[in-house]
Structures are given as C-alpha cells and as structure tokens.
**Q** 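Can you keep this structure in mind? I'll have questions shortly.
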There are 2 protein chains.
Amino acid sequence: MPRAGLNPDAVVDHALALIDEEGPDALTLAAVAARAGVAAPSLYKHVPGGLAGLRRLIAVRVTTDLAQELRRAIAGKHGEPAVTALMRAYHSYAMAHPQRYAALPQAPLPGDEQLMDAATLLVGTIFEVLADYGIGESEAVHAARSVRAIAHGFASLSIAGAFRLSEDLTETQDRLLTLLTDGLRSWPGAKSA
Amino acid sequence: MPRAGLNPDAVVDHALALIDEEGPDALTLAAVAARAGVAAPSLYKHVPGGLAGLRRLIAVRVTTDLAQELRRAIAGKHGEPAVTALMRAYHSYAMAHPQRYAALPQAPLPGDEQLMDAATLLVGTIFEVLADYGIGESEAVHAARSVRAIAHGFASLSIAGAFRLSEDLTETQDRLLTLLTDGLRSWPGAKSA
DNA sequence: GGCTAAGGCTATTAGCCATAGCTTTGTGGG
DNA sequence: CCCACAAAGCTATGGCTAATAGCCTTAGCC
C-alpha cells in the first residue's frame, strides 16, 4: 500500500474540511481517516493524542487563522477605525467559517503552550488596537474583555441562528459598533480624541 | 425488580445533576441510567428520542429556568435598574451553573415548539426591559440583540475561563454595564430619561 | 545490499446509542 | 377476587466510536 504522504498539517486540513461540510460533531477519526485515504489507526502516527490531540491542533490552527485575519484587517489603521475594522473582521471570519468558529474553544487548556501562544496573539491584537486610546494598564484589561465579549457574543449568536427576526444583521452590527466605540471613547482613563 | 418511579422530569433532574458534576460531555444514557437506578434501555420508556430527546428536554428546562430567574430579577424594576439587574442575573445564573449554561443551545432547532416557547419567554423578558426606553419596533430588535450578545458573550467567556488575567471580573462587568446602559440611553429613537 | 525508522495495516477491547423482544409489576373492570 | 392489559422494567444484539497492540511494507540511507 503506497504511502499517503500525510503529516499533521494535512490531517488538520482534512479535519477542517470535514467540519466545514458536516459540522463539529461529524469530526471522528474514522471520517478523517476515510478522507485521508487511510485506516483510522494510522492517524495515530501523525497526530499525537488521538482525537483530543486532533481537536487541539485544530484549535491552534483556527485561532491563529482568526488572529492573523484580524491583524490583516487592522493593518495601518488606528483608534476607532481600527476597532471597527477588527470587530467587522471578527464577525466576517465567524460567518465565513461558522462550523470552525463554533468548534473553537474560547480558552486553552492549562499547559497547552501552542494554543496559549495563538490565544495570546489574538488577545494581543485587541490590546494593540486599544493602545491608541491611551487607557491605563488595568482598565485596558477590562476594555479588552469587553471587546472580546461583544465580538464573541455577537458571532456566537449569529452562527447559532439565535437572531431569527427579519431585521438586518448588519444593522445590528452597526448599532453594536456604535455602542462599543462610544463606550471606549468615554472609557475611564481614555484620552479624548 | 421494583419500579423506579421515573418520569421525564425526574430523568432530566438526574441528567442535570450529572452535567453539573461532570460536565456536558459526561452526559451519556448509561450514566443517567446508572443514577436513576435503571438499565440504559429503560430510559427510552420515559424520554422520547433517546439521547437527542434528552438533550432537548434539558435545553427546555434550563432555558425556562434562566428566563424565570431573569424575570424574578427585574420584578418591580424599570428602565436602567431593570437592565442592570437583568444582566447581573444572567451572569450570576451562568456562573452558578456553568456546565448547564455551556450545554445550552443558543437557538432551538426549527420545529421545536417547547424550546421555542422557552426561548421566546427569555427574549420577551429582554424586550420587556427595553420597553421603558421607548425605542421603536425595529430598533428594539437591534437593541435586544445587542443586550443578548453582550450577556451571552460575557457569560460564555467567563465560564470558558477566557479571562485569565488577575483583574476582578465584577469590575469588568461594571464597565460592560456602563457601556451598555450608556449605549441604550442614546439609542436611536430612545426617549431621554 | 541490507538495516532502520516511519507509515501503513488488521485485530481486539471497551464504551456508547439504539432496537427488539421478553418478563414483571401494578391497577382497574368484571 | 382474579384476570387482563398497559406500563415499565430487563437482557440480548447490532452497529457505531476511540484506542491499543502487533505485524508488515516501504523508503531512504549508509
């Protein structure tokens, strides 16, 4: 039997395709193996930790992807335009890859270096954008948490289909963005523009 | 073998206890049956639809519980105090029952009458609180979505352990509440207090 | 040419959901 | 008082799943 030429990244690719097409619950080693053209146990040669390990790798990949998408969106921007660009990019990513986003754990398990790094990149991007507001140390943490809560809450509910009424979602997003930017402008310790 | 005196509600009780103690992933028919003192297949006599059906019943129960908790919190309050009471109660519920909240689907599957009713009760409570602001039809929908996004995002991330830094969570909640109440006060079409 | 390591495989175990079909229990009507 | 019947148990079975063990083959390098 010829070698399939697999490596961890390729396995994650197959897994992501599976998740995109059939949702997070369809992620089984058997299904991934079928896609890779390999028997299920063979995956253990490439992915340490079996299914749980695969999920971890997926989380790292997706978190990194998302973070880079955000960085790209804010490149060259500062202050309020950067914040809105970040928020819009966040929501766009979630809507473009709903299943992936839904599968994403919002916090790394303790001791997971790789995922921790990816999460740090993502959170760091938020802090970067907030830096222009000149908000102090501790207040910046509260502000970043707020940004994240709004971004995640809106993305998560959008994906879940919680917004059933006919009103336009982008309009909701506009309102939410005004709410956020207004709030940040008058944040405790923020330099007024 | 004596009868166990089970009914759908009792099965849900056991299931919730299990979820609270060991998390949503530990919810298996085998484990629920063990708690109920019954063999696994016997559960099918009480819960239509097997495991999926049980999950549905759990969602109805928890959504209803949460909604009632919110209604209790806002009883007799109006305007801004009602909003903050609702938001605080939401977060309290999530923190008191983190596993249940994490297991909660944020939208009912289409065609699920019971869960739809529970969700309507919950969303209706939000609209009720917003009514005092005198925001018009369509804008009220955007406002309610915003409230929900913030409540869910903050609860969800809190539970997931996404807020690792040492800053006090209640302080973040205070900032988020000011952000929300300020935003609602100046919402398009809101009557100024 | 042959050795070694990596990458496949099959077989097996254990746990899960779900269904089928049998047995027991409890209850209400004759 | 007892019998019939429905409700509520059970065991057995089948078909998933992950994961491990152990074997075989391929590829590449010395």
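So that the names make sense, note that chain A is the first sequence line, chain B the second, and so on, each numbered from 1. The basis for the numbers below is simple: all heavy atoms, side chains too, and nothing from hydrogens, waters or symmetry mates.
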**Q** Any sub-3.5 Å donor-acceptor pair from A/Ser156's side-chain atoms to A/Gly153's backbone N or O?
**A**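 No: the side chain of A/Ser156 does not pair with the backbone of A/Gly153.
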**Q** When you get a sec, tell me which of C/dC17, C/dT10, D/dG9 is the closest nucleotide to the side chain of B/Leu6?
**A**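 The answer is D/dG9.
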**Q** Side chain of A/Ala30: nearest nucleotide among C/dA11, D/dA18, D/dT11?
**A**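 Nearest to the side chain of A/Ala30 among the choices is D/dA18.
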**Q** How many whole angstroms separate atom CG of A/Leu51 from atom C1' of C/dA14?
**A**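 Taking CG of A/Leu51 and C1' of C/dA14, I get 16 Å after rounding.
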**Q** When you check the phosphate oxygens OP1 and OP2 of C/dG8, does a side-chain N or O of A/His46 lie under 4.0 Å from one of them?
**A**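 Yes, because at least one side-chain N or O of A/His46 sits under 4.0 Å from OP1 or OP2 of C/dG8.
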**Q** Measure the distance from CZ on B/Arg55 to C1' on C/dC16 and round it to the nearest whole Å.
**A**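 In whole Å, C/dC16 C1' lies 12 Å from B/Arg55 CZ.
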**Q** Inspect the contact between A/Arg61 and A/Asp9 and indicate whether a charged nitrogen and a carboxylate oxygen are less than 4.0 angstrom apart.
**A**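 Salt bridge flag = yes for A/Arg61 with A/Asp9.
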**Q** Given atom CG of B/Asp25 and atom P of C/dC16, what is their separation to the nearest angstrom?
**A**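 Interatomic distance, CG of B/Asp25 to P of C/dC16: 13 Å.
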**Q** Figure out the CG/P separation between A/Leu43 and C/dG7, and round it to whole Å.
**A**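 It is 12 Å, rounded to the nearest whole Å.
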**Q** Between B/Arg185 and A/Asp182, is there a salt bridge with N-O shorter than 4.0 Å?
**A**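 Not counted as a salt bridge, because no side-chain N and carboxylate O are separated by less than 4.0 Å.
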**Q** On DNA chain D, compare the nucleotides closest to A/Leu27 and A/Lys45; which residue's is nearer the 5' end?
**A**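 In this pair, the answer is A/Leu27.
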**Q** Rounded to whole angstrom units, what separation is found between the CG atom of A/Leu29 and the P atom of D/dA19?
**A**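 Interatomic distance, CG of A/Leu29 to P of D/dA19: 6 Å.
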**Q** Name the closest nucleotide to the A/Ser42 side chain, picking from D/dC10, C/dC16, C/dC9.
**A**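 The answer is C/dC9, which lies nearest to the side chain.
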**Q** Would you call A/Arg35 and A/Glu21 a salt bridge, using N to O less than 4.0 angstrom?
**A**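 Result for this pair is yes, salt bridge flagged.
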**Q** So, is A/Tyr44 near the phosphate of D/dA19, with a side-chain N or O under 4.0 Å from OP1 or OP2?
**A**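 Checking A/Tyr44 against D/dA19: at least one side-chain N or O falls below 4.0 Å of OP1 or OP2.
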